[in-house]
Structure formats: C-alpha cells, structure tokens
Number of protein chains: 2
Amino acid sequence: MKAGKATIHDISKALGIDSSTVSRALNGSPRVSKKTKDKIFEKARELGYQRNNLASNLRTQKTFTIAVVLPRISRYFFATVISGIEEKAYQAGYNVIICQSLDSLKREKKIISSLISNRVDGILMSISMQTASFEHLEAYMNLGKPIVFFDRPCNLKGSININIDNYKASFEATEHLIQQGCKHIVHFSGAQNIELYRQRKAGYIEALKKHGLTVNGDYIFESNLSESDGIWAAKRILELKNVDGIYSSNDTAAIAAMQYLKSKGVTIPKDIAVVGFNNDPISAVIEPPLTTINQPAFRIGKIASELLLKKIQNKDTENDSIFNVLNSELIVRASSEK
Amino acid sequence: MKAGKATIHDISKALGIDSSTVSRALNGSPRVSKKTKDKIFEKARELGYQRNNLASNLRTQKTFTIAVVLPRISRYFFATVISGIEEKAYQAGYNVIICQSLDSLKREKKIISSLISNRVDGILMSISMQTASFEHLEAYMNLGKPIVFFDRPCNLKGSININIDNYKASFEATEHLIQQGCKHIVHFSGAQNIELYRQRKAGYIEALKKHGLTVNGDYIFESNLSESDGIWAAKRILELKNVDGIYSSNDTAAIAAMQYLKSKGVTIPKDIAVVGFNNDPISAVIEPPLTTINQPAFRIGKIASELLLKKIQNKDTENDSIFNVLNSELIVRASSEK
DNA sequence: TATTAAAATACAATCGATTGTATTTTAATT
DNA sequence: AATTAAAATACAATCGATTGTATTTTAATA
C-alpha cells in the first residue's frame with residue numbers, strides 16, 4: 001500500500017481495534033489506555049498515516065482555516081500584513097489561505113463563494129477598489145462566521161475594522177507640504193466608493209482649508225493608483241504648470257510620477273515636493289528619498305487575526321461594530337523638504 | 001434557517017425529490033429532466049445553497065486545489081510567479097493555496113504535512129534555503145500526487161523543474177563585469193545545498209577562469225542574501241580594499257550593499273561596479289540603476305502550473321525527470337558601466 | 001469471592017455529497 | 001391495449017473521521 005493513503009480503518013484492521021478507539025487515541029483522548037495508544041501510534045507511523053482533514057472537518061464542522069482576501073500580495077504593505085496574520089494564526093494552530101482579488105469585484109465574489117464552499121472559519125479582508133455593495137460578504141456572515149476588515153474599512157453593521165486614522169494621517173501629510181511652502185498641491189486619490197480614499201481626500205481638503213488655500217477639483221486625480229496611473233498623473237501635472245506639491249494616496253503612484261517628472265527635468269523637491277503613503281521599501285531608495293506615511297502593517301495583521309480568532313472562538317460575543325484605530329507616522333525624507 | 005447552511009437534503013426534503021437527483025441536477029447531469037432541474041435550481045437559490053466542498057471532495061477524492069510553497073511572497077519575483085500560476089489555475093477551475101516557508105525547513109515540513117492532510121491535488125514549489133533532504137516531499141509524491149519545482153530545481157527522480165539556465169546567466173553577468181574592466185569581483189552566493197546557488201557560483205567561477213582571473217574563496221560570500229546580509233557583505237568588501245566589482249545572487253543583497261557603500265563614500269560604478277539578480281522593481285529606481293538579470297517570472301508561473309495541471313490530469317504519464325529551461329536576459333544599467 | 005465502580009473498548013449514527021444499481025414513469029411501437 | 005425501450009427518479013453504499021451510547025474488561029472494595 002502507498003504510504004499516506006492509510007486511514008484509521010487500516011490501523012483499526014491491522015490491530016483489531018475499533019476505529020473509534022483509533023481516532024480517540026490519535027487525538028489524545030484520555031479514554032484510551034497508554035498501552036493501546038502506543039500500539040496505535042506505532043502502527044500509524046508504520047503506515048505513514050496522515051489524518052484526512054476533509055473527513056475530519058466535515059464531521060466537526062471546523063476547518064481551522066482562515067482566509068486573507070486582499071487586492072494583491074505584491075504590495076509590500078499587504079505582504080507585511082500577511083506576515084503578521086500568519087504569525088498569530090500559526091501560533092493558534094490555524095491555517096491561512098491567501099487570496100488576491102486584484103481589485104476586481106468579480107474575482108472577489110468568486111473567492112468568497114469558494115471560501116464558503118470550503119467552509120473556512122473566518123475571513124480577514126481588505127476589499128477591492130470596485131466593491132461598493134456587500135451581499136457576497138453578508139452571505140458569508142449569515143453563516144455565523146466572522147469577517148474582520150483591515151486597511152480598507154467597511155461600514156457593514158457588526159463589522160470589525162482595523163486601520164489607521166486615514167483622515168488624520170492625510171491631514172498631517174498635506175499640512176507638512178503646506179509648511180514647506182507649497183501652494184498648489186495635487187492629490188492622487190483612489191476609488192471614491194472606498195471609505196479609505198474618501199477619508200484621505202477629506203484630510204487633504206481640510207488641511208488646505210485650514211491654511212486658506214483654495215480647494216480645486218482639477219487638482220484631485222482619481223485613479224487606481226497603479227504605476228501607469230502615476231505616469232498619467234505626472235503628465236497632467238505638467239499641463240497644469242503651477243503645481244508645487246503632490247500628496248499621493250500610495251507610494252506606487254507617487255514614485256512612478258516622480259520618475260516621470262525627473263525624466264522631464266523637474267527637480268524634486270525644489271520644483272515639486274512629493275509625499276506618498278505606505279512606506280514601501282522602494283520609497284527609501286529612490287532619489288530623492290520619498291516622504292511617506294508608515295502604517296504598522298505587521299501589527300495590523302497581528303491584531304486583525306487576533307480579533308478574528310477571538311470572534312471565531314466565542315460565538316456568543318456581541319455584534320457591535322468595532323473600529324480599531326492604530327497610530328501611523330509621517331516619515332519626512334528629502335522629497336518634501338524645500 | 002440561515003442562508004448558506006442548506007444542504008442537498010434540505011432541497012430534497014423541500015421538493016420531495018431524492019437527494020441523489022438533487023446532486024445530479026446541480027451538477028448538470030443529463031439524467032435529470034429539465035423540469036426537475038429548474039425546480040431544484042430555483043429552490044437552491046431560494047435557500048442560498050452552496051455546495052459543501054468538504055463533503056464533495058471527500059467523496060470524489062479530488063479537491064481541485066493546488067498549492068504554491070515558496071520562501072516568501074514579499075519578493076517581487078515570487079509574487080509575479082504566483083500571478084502566472086493563478087492565471088492558469090483559475091482558468092482551469094482550480095483553487096490556489098499560497099504558503100510561505102520563510103526559508104525554514106521546519107516550516108516547510110509543517111506546510112507539506114498540512115497539504116497532505118488537506119489532500120491538495122498538486123504542489124508547485126521553490127524549496128527553502130535549508131532544504132537538503134526530501135523525505136517530506138517524497139511522502140507527498142508517494143500519494144501519487146505531483147510536485148513541480150520552479151526557480152530552485154530539485155534532483156529528485158521523476159521531478160519536473162522549471163527554471164532559467166542559472167549557470168549561463170551567471171557566466172554572462174560576470175563576464176559583463178570583466179568586460180567593464182573589473183579585476184577583483186566579489187560574489188554574493190546563497191546556501192550551497194541549493195542547486196540554484198551552486199550553479200550561479202559555478203558560472204561566476206568559470207567566467208573568471210575563462211578570462212584568466214584568479215578565483216579566490218575569500219571573494220565568495222555565502223549568506224541568505226537578505227538585506228542585513230548585504231550590509232554585512234559591504235563591510236567585508238571595504239576591508240578587502242581592492243574590490244572593484246560585485247556580482248550578487250539577488251537584488252535585495254546587492255541593493256543593501258550599494259546603499260551602504262554609497263553611504264561610506266564609494267562611487268558606483270566607478271569604484272565598484274554592481275550586478276544583481278531578479279530585476280526587482282527597486283533595481284530600476286535606485287541610483288545608479290542596478291544592472292540585473294531578468295527572469296520571466298510570470299511565464300515561469302504559467303508554465304509551471306500548466307505542467308502541474310497536465311500531470312494531475314493524466315496520471316498515466318511517464319515518470320521521467322523534466323528540466324524546462326527558460327531564457328533570461330541581462331539588463332545592463334548604470335551600476336555596472338564604467 | 002462476590003459486588004461494583006471505573007476504565008477501556010466497541011457499536012453505530014453522523015457530517016454532505018456522489019454514484020452504481022434498481023425501480024418507476026413515460027412514451028413509442030406494434 | 002399490450003409490449004418494450006428509454007428516460008427519469010429512487011435506493012443505498014461510500015468517502016474517512018468523530019462522538020454519544022452501550023458493552024466489556026479491569027481493578028478496587030467489602
């Protein structure tokens with residue numbers, strides 16, 4: 001027989017011991033004597049037995065698996081959040097499944113449907129840029145299973161959210177540019193159905209207002225904040241002529257714009273000062289180094305999975321909405337110091 | 001009743017139709033009449049039915065799930081490989097589970113054990129730096145299930161490998177440095193139990209020999225090629241005094257070393273020319289831009305999953321070892337042009 | 001040694017879907 | 001209307017592990 005294909009029944013037959021006893025032994029039940037346990041473990045090793053989780057999970061209605069659903073793992077911020085999640089989850093004996101929505105709602109829906117079919121115990125999620133309605137998420141929650149939202153908050157009733165104060169971080173970043181003498185600051189914003197980007201935009205606007213600068217819709221660029229979006233934005237900036245500052249909702253777009261502007265002879269920060277968001281490793285390496293906002297990504301992951309596991313383990317807990325707000329910090333580098 | 005908790009038996013009872021017919025209807029079997037199918041689909045929608053894959057997979061002995069096991073997803077190369085894998089896999093209706101070994105053998109073993117228990121249909125894998133024996137992988141293959149190795153090849157009999165010609169790429173990179181006039185080239189190498197790093201080292205050595213340069217063990221640094229390893233290497237380089245070239249087995253270490261050397265007043269490429277490996281996005285952005293070797297990461301992922309799925313689908317195929325060698329290219333940038 | 005509680009083990013149902021075989025229903029043919 | 005093949009549906013076993021209950025074995029007590 002091939003190793004690993006053995007079942008408790010094979011052990012049972014080989015030893016003349018009932019399969020229920022074998023199961024209990026392998027799970028360390030005190031109902032099985034030491035002597036029998038030893039025999040069973042020995043035989044299990046001999047046959048290369050590995051528990052079939054499909055069967056076990058079906059019976060117990062538990063998979064000890066949680067899923068992370070996020071836009072894309074190649075973003076450093078998300079990759080770091082995942083590390084935090086995995087640390088906590090593995091400690092607690094849970095498996096982690098990672099799923100990329102690629103910021104597509106269609107894909108996000110497919111993923112959730114598959115997670116329902118596979119009966120994962122809980123989901124950690126940062127919704128896609130296209131997600132504006134939440135039926136697919138409610139379908140999961142209606143099974144009595146929890147979702148914890150990180151980074152991009154969600155206003156579903158009873159939802160648990162972990163994020164930084166995006167409004168405040170944004171306000172400070174913009175104010176920093178103003179203090180450096182910028183008068184015409186462009187903002188790179190993301191999809192407005194995402195609360196996160198609305199908050200970042202709001203912080204930017206409030207900072208302008210506080211300092212008596214005019215808020216001009218033409219200076220707010222909405223996009224997916226990809227590399228190509230950054231280049232597109234840089235081109236528009238050159239057309240606007242008088243721009244002297246950029247506050248971008250992520251580093252990716254900020255860096256792409258910087259590279260393009262540099263190639264067109266713009267000096268940073270003298271001509272245009274730039275502030276990004278996320279503290280990507282690349283932001284520290286580019287010339288000049290990019291001022292950016294650091295989020296505690298690893299901690300966000302740790303706390304998110306802590307809260308999720310707690311929710312999974314006590315089903316009785318309240319159904320309150322929870323907003324867990326962590327601190328962020330503005331890291332000032334050369335790209336914004338005039 | 002809560003949505004989503006419905007089973008075929010609930011549909012069966014509600015309609016007075018046997019559950020076997022319900023199952024066949026939901027799977028589109030021609031054995032069920034159109035009329036009955038319609039009734040069943042209607043009721044399924046009404047009850048929010050979602051198939052329980054645990055039960056289905058247990059019965060069918062298929063999970064339509066493949067796993068990717070690799071050192072860490074935050075490396076751009078690996079993240080890109082994953083995108084290629086997912087594209088192919090999703091097209092074919094397979095789920096993809098992503099697992100990070102963090103270059104730890106202990107973790108890799110745990111992961112494989114969990115994948116066995118969860119009965120995934122196949123594995124795509126880039127082994128950890130610590131992996132020198134393969135019992136854990138053989139345990140999986142003994143179940144009659146395939147593993148495809150990418151990036152880091154594996155000499156297990158009957159294994160399928162996808163990678164570039166690391167020897168050749170390395171040879172060319174080193175030769176390039178020599179042509180730029182470098183005489184004392186340091187090589188950053190990885191763990192020597194990994195075939196990949198042995199090949200890269202061999203290519204470096206051969207290039208030196210071909211051009212009549214002495215091969216000096218003190219100029220070959222073995223490490224995990226992390227950021228801190230890069231800094232450590234840079235310090236040693238300063239002690240060696242006469243180094244005029246670096247060929248690193250990855251960009252991460254090369255870039256960390258460059259940053260450190262720059263901070264100590266070394267001019268790149270004039271004093272020391274640098275070549276990395278992997279074409280990380282960061283390599284194009286650093287000053288000066290880093291010469292590096294580009295691997296077709298997305299294609300590697302696509303081809304790897306193609307081969308894996310083929311192997312999953314025809315169990316009868318030969319058990320030959322396969323080495324699939326893709327092209328790489330040296331991208332020459334300012335860091336190496338003297 | 002008989003009695004009885006405790007310990008160890010066996011029996012049997014269950015989780016939800018699938019599938020080979022048997023039975024019933026329908027429709028076509030004579 | 002009787003016959004028969006084909007279509008539709010029902011029955012029942014199965015995948016592998018778990019778990020409540022029943023039974024047997026062991027050991028302790030009187």
Side-chain angles (χ1 to χ4, degrees), chain A residues 1-41 43-44 47-65 114 116-121 143-144, chain B residues 1-2 4-41 43-44 47-64 114 116-121 143-144:
Chain A
M1 188 206 317
K2 278 181 179 166
K5 282 229 171 121
T7 71
I8 52 170
H9 301 290
D10 295 321
I11 299 175
S12 162
K13 259 180 260 165
L15 297 174
I17 294 175
D18 191 78
S19 60
S20 64
T21 302
V22 174
S23 171
R24 286 196 168 93
L26 293 171
N27 288 305
S29 159
R31 281 174 59 175
V32 181
S33 71
K34 171 89 169 60
K35 221 177 83 187
T36 312
K37 269 184 191 162
D38 287 345
K39 274 196 286 185
I40 289 173
F41 275 109
K43 185 57 80 177
L47 298 180
Y49 172 81
Q50 294 263 135
R51 177 211 273 115
N52 184 327
N53 278 346
L54 299 173
S56 173
N57 296 343
L58 171 62
R59 181 60 229 253
T60 59
Q61 309 276 34
K62 272 281 287 164
T63 58
F64 287 99
T65 300
S114 150
I116 290 177
S117 282
N118 286 302
R119 303 293 194 263
V120 300
D121 295 338
L143 264 55
Chain B
M1 189 207 313
K2 278 182 182 165
K5 284 227 170 123
T7 71
I8 53 169
H9 302 290
D10 296 319
I11 298 175
S12 163
K13 260 181 257 163
L15 296 174
I17 294 174
D18 190 77
S19 61
S20 64
T21 302
V22 174
S23 171
R24 288 196 168 93
L26 293 171
N27 288 307
S29 160
R31 279 175 59 175
V32 181
S33 69
K34 172 89 170 60
K35 223 177 81 185
T36 312
K37 267 183 190 163
D38 287 346
K39 276 196 286 186
I40 290 173
F41 275 108
K43 184 58 79 179
L47 297 179
Y49 172 82
Q50 295 262 135
R51 175 212 273 116
N52 185 326
N53 277 346
L54 300 174
S56 173
N57 296 344
L58 172 60
R59 180 59 230 252
T60 60
Q61 308 277 37
K62 272 280 289 164
T63 58
F64 286 99
S114 152
I116 291 177
S117 282
N118 287 301
R119 302 294 194 261
V120 300
D121 295 337
L143 264 54

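Note on naming: letters A, B, ... go to the chains in the order of the sequence lines (proteins, then strands), and numbering restarts at 1 for each one.
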May I have the step-by-step check of side chain to side chain donor-acceptor pair (under 3.5 Å) for N27(A) and S29(A), ending in yes or no? CA-CA 6 Å; N27(A) 288 305; S29(A) 159; over 6 Å; no
Would you mind telling me which of dT9(C), dT18(D), dA10(C) lies closest to the side-chain atoms of S33(A)? dT9(C)
For S56(A) and A55(B), find the nucleotide of DNA chain D closest to each by heavy atoms; which residue's nucleotide sits nearer the 5' end? A55(B)
When you measure only distances, ignoring hydrogens and angles, does the side chain of R31(A) come within 3.5 Å of the base of dT25(D) through a donor and an acceptor? no
Using whole Å, report how far CD1 of I40(A) lies from P of dA8(C). 13 Å
Any side-chain N or O of N53(A) less than 4.0 Å from the OP1 or OP2 oxygen of dA17(D)? no
Is a donor-acceptor pair below 3.5 Å formed from side chain T60(B) to base dC15(D), judging by atom type as modelled? no
Nearest non-hydrogen partners of K43(A) and A14(A), listed with the distance: CE-CB, 3.8 Å
What dot-bracket string describes DNA chain C from 5' to 3', counting Watson-Crick and G-U wobble pairs whose defining distances are under 3.5 Å, with [ ] for crossing pairs and | for pairs to another strand? ||||||||||||||||||||||||||||||
Could you state the atom-to-atom distance from NZ of K37(A) to P of dA7(C) in whole Å? 13 Å
Does V22(B) reach a base, just sugar-phosphate, or nothing at all? Heavy atoms under 4.0 Å. nothing
Atom NZ of K62(B) and atom P of dG16(C) are separated, to the nearest Å, by 24 Å
Rounded to the nearest 0.5 Å, the CG atom of D18(A) sits from the NE2 atom of H9(A) at a distance of 9.0 Å
Quick one: K34(B) NZ to dT26(C) C1', roughly how many Å, whole number? 19 Å
Where the side chain of Q61(B) is concerned, which of dT19(D), dA17(D), dC15(D) is the nearest nucleotide? dC15(D)
To the nearest angstrom, how far is L26(B) atom CG from dA17(C) atom P? 9 Å
Between dG16(C) atom P and K13(B) atom NZ, what is the distance in whole Å? 10 Å
Looking only at side-chain atoms of T21(B), point me to the closest of dA17(C), dA10(D), dT9(C). dA10(D)
Between S23(B) and dG16(C), is there a contact of a side-chain N or O with OP1 or OP2 at under 4.0 Å? no
Establish, with yes or no, whether the OP1 or OP2 oxygen of dA17(D) is under 4.0 angstrom from a side-chain nitrogen or oxygen of R24(A). no
Assign N27(B) to base, sugar-phosphate, or nothing according to its heavy-atom contacts below 4.0 angstrom with the strands shown. sugar-phosphate
How many whole angstroms separate atom CG of L47(A) from atom P of dG16(D)? 14 Å
Can you tell if the side chain of Y49(A) reaches within under 4.5 Å of the side chain of R51(A), non-hydrogen atoms only? yes
Looking only at heavy atoms, what is the nearest atom pair of S19(B) and S12(B), with distance? N-OG, 3.5 Å
Residue pair I40(A) / V22(A): nearest heavy atoms and the distance that separates them: CD1-CA, 3.8 Å
Modelled atom types, side-chain donor and acceptor of T63(B) and N57(B), under 3.5 Å: no
Give I17(B) one of three labels, base, sugar-phosphate or nothing, depending on what nucleic acid heavy atoms sit under 4.0 Å from its own. sugar-phosphate
Please confirm whether the backbone N or O of N53(A) pairs with a side-chain atom of S117(B), one donor and one acceptor, at under 3.5 Å? no
Please give, in whole Å, the distance from dT9(C) C1' to K39(A) NZ? 11 Å
Return whichever of S20(B) or L58(A) has its heavy-atom-nearest nucleotide of DNA chain D closer to the 5' end. S20(B)
Return yes if the base of dG20(D) and the side-chain atoms of R59(A) contain a donor-acceptor N/O pair under 3.5 Å, otherwise no. no
